[in-house]
Amino acid sequence: MDKTIISVAVVGSGPTKDMNPAVPYTPKEIAEAAIECHKAGAAITHIHVRDPETGIVCSRFELFKEVVDRIRQACDIAINLTTSGGNIKGENIIEERLEPVMLKPEICSLDIGSVNFGTRVFMNPPEWGVAAAKRMREHRVKPEIEVFDAGHIRQARYMIAEGLFEDPPFIQLCMGPGWGIEATPENLIFMKSLLPPDAIWSALGVGKAQLPMITMAFLMGGHIRVGFEDNIYLRRGVLLKSNAQMVDLAASIVEKLQGEIATPDDAREMLGLTHPVG
């Protein structure tokens, strides 16, 4: 069995300090969370940014830059910047969503297909996916193709066949967010069965589904994602003290099941990543 890549999404756009005081807001807090997770065994960190004063999700380029600079000065964890841009309005949404690519992280998320999140629609029209894939390829940034339902995998396979992604494609199975596919064992098996045979894949589970989904993904030969973006609880009624606490638990599960944790350089080799730019 190959080594297992642990990704950690340290903040996302949903959790707040009112929900869990350990949720990071400032670039310093976000970077420190990622660095702690690197020490606990994470090979990749997935980064969103927040307004440092209010904690409201934002996409300000200077905040992404500060987080990236702080992480790169401290450790070699691979950086995955979000391009979700759910807060962005106006006429140049695609261009603004793609601003983080200019920081040349090793990975950027690329959401395929729209999905309902609570009372809002997470819009990812076809022209977005094509534009994002081309821009990331131009800047040698690896897309992490995020899919929330079976049809999204179908769209991803079409884009792969069109030559929009370099091999190997990297696909994140997002199990349980919003009104996407429900996080059940049967659904994870189904989603995995739809993937291209050469894809490198990872899975996440939202809320109480986090541990079952990552454990099952590991047993099925996939990689795993944890972090406050997906879950802020250690167990029912018990808040996580940090993102690193969940990374440590995930690493312990892999090791107890006779697996081996991938280092950032292992992840770079498996995914064909370029090394970070100083």
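FYI, the numbering just counts along the sequence from 1.
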Taking every heavy atom of N243 against every heavy atom of C37, the minimum-distance pair comes out as CB-SG, 3.4 Å
Inter-residue atom distance Y25.OH - T54.OG1, 0.5 Å rounding: 8.0 Å
Within 45° cone and under 6.0 Å: K142 NZ/CZ vs F170 ring: no
Where L103 and V68 come nearest, the two heavy atoms and their spacing: CD1-CG2, 4.3 Å
Is any side-chain heavy atom of R268 closer than 4.5 Å to one of D265? yes
Plane angle bin for F117 and F122 - parallel if under 30°, tilted between 30 and 60°, otherwise perpendicular: parallel
Can you name the closest pair of heavy atoms from I160 and P196 and give their distance? CD1-CG, 3.8 Å
Sub-4.5 Å side-chain heavy-atom contact between I214 and R225: no
Close side-chain approach of D111 and F148, heavy atoms under 4.5 Å: yes
Would I94 end up clustered with L164 when hydrophobic side chains under 4.5 Å apart are linked, directly or stepwise? yes
Give the cluster check for I56 versus I47: same hydrophobic cluster or not, with ILVMFWY residues linked at side-chain heavy-atom distances below 4.5 Å. no
Does the side-chain contact (heavy atoms from CB on, under 4.5 Å) test come out yes or no for Q172 and H46, once each step is laid out? CA-CA 12 Å; Q172 184 75 250; H46 178 53; over 6 Å; no
Applying the 4.5 Å side-chain criterion to the ILVMFWY set and letting contacts propagate, would M191 and M216 be lumped into a single cluster? yes
Worked check of side-chain hydrogen bond (donor to acceptor under 3.5 Å, both in side chains) between E144 and S109: CA-CA 5 Å; E144 177 212 39; S109 63; 4.9 Å; no
For the residue pair P100 and T82, what are the closest heavy atoms and their distance? CG-O, 3.6 Å
Using a strict cut-off of less than 4.0 Å between a Lys/Arg side-chain nitrogen and an Asp/Glu carboxylate oxygen, indicate whether E29 and K17 qualify as a salt bridge. yes
Do you reckon I261 sits in the same ILVMFWY cluster as M246, going by side-chain contacts under 4.5 Å, direct or chained? yes
Identify the two heavy atoms, one from P24 and one from V11, that lie closest to each other, and give their separation to 0.1 Å. O-CG2, 3.2 Å
Enter the distance from I30:CD1 to F64:CZ here, rounded to the nearest 0.5 Å. 8.5 Å
For a 4.5 angstrom cut-off between non-hydrogen side-chain atoms, does T26 reach E32? no
Hey, does R154 have a side-chain heavy atom less than 4.5 Å from the side chain of R157? no
Between T16 and V23, does a side-chain contact (heavy atoms from CB on, under 4.5 Å) hold up when you go through it step by step? CA-CA 6 Å; T16 67; V23 171; 5.8 Å; no
Provide the closest heavy-atom pair for L98 versus M136 in the form atom of the first, atom of the second, distance. CD2-CE, 4.4 Å
Does atom CZ of F61 have more than 12 heavy-atom neighbours from other groups under 6.0 Å away? yes
Salt-bridge test for R140 and E166: reply yes if a basic N is under 4.0 Å from a carboxylate O, no otherwise. no
Would you mind reporting whether S7 and L204 have side-chain heavy atoms less than 4.5 Å apart? no
Enclosure of M102 CE (heavy-atom neighbours >12, cutoff 6.0 Å): no
Full working for side-chain contact (heavy atoms from CB on, under 4.5 Å) between T45 and H38: CA-CA 8 Å; T45 184; H38 170 258; over 6 Å; no
Are any side-chain N or O atoms of H152 and backbone N or O atoms of V147, one a donor and one an acceptor, separated by less than 3.5 Å? no
Check the surroundings of atom CD in E53: do more than 12 heavy atoms from other residues, nucleotides or ligands lie under 6.0 Å from it? no
Would you give the length of the straight line joining atom CH2 of W201 to atom CG of L188, rounded to the nearest 0.5 angstrom? 5.0 Å
With rounding to the nearest 0.5 Å, note down the distance linking CD in E99 to CZ in R135. 10.0 Å
Any side-chain heavy-atom pair of L239 and I232 under 4.5 Å: yes
With distance as the sole test, does N20 use its side chain to make a donor-acceptor pair with the main-chain N or O of A22 at under 3.5 Å? yes
I need the R97 CZ to N92 CG distance, nearest 0.5 Å. 13.5 Å
Do the side chains of D69 and Q73 get nearer than 4.5 Å, heavy atoms only? yes
Go through the steps to decide whether H48 and S84 satisfy the test side-chain contact (heavy atoms from CB on, under 4.5 Å), and finish with yes or no. CA-CA 9 Å; H48 290 243; S84 58; 3.5 Å; yes
Is there a path of hydrophobic side-chain contacts, each under 4.5 Å between heavy atoms, that joins V8 and I71? yes
Would you compute the distance between atom OG1 of T4 and atom CG of D266 and round it to the nearest 0.5 angstrom? 10.5 Å
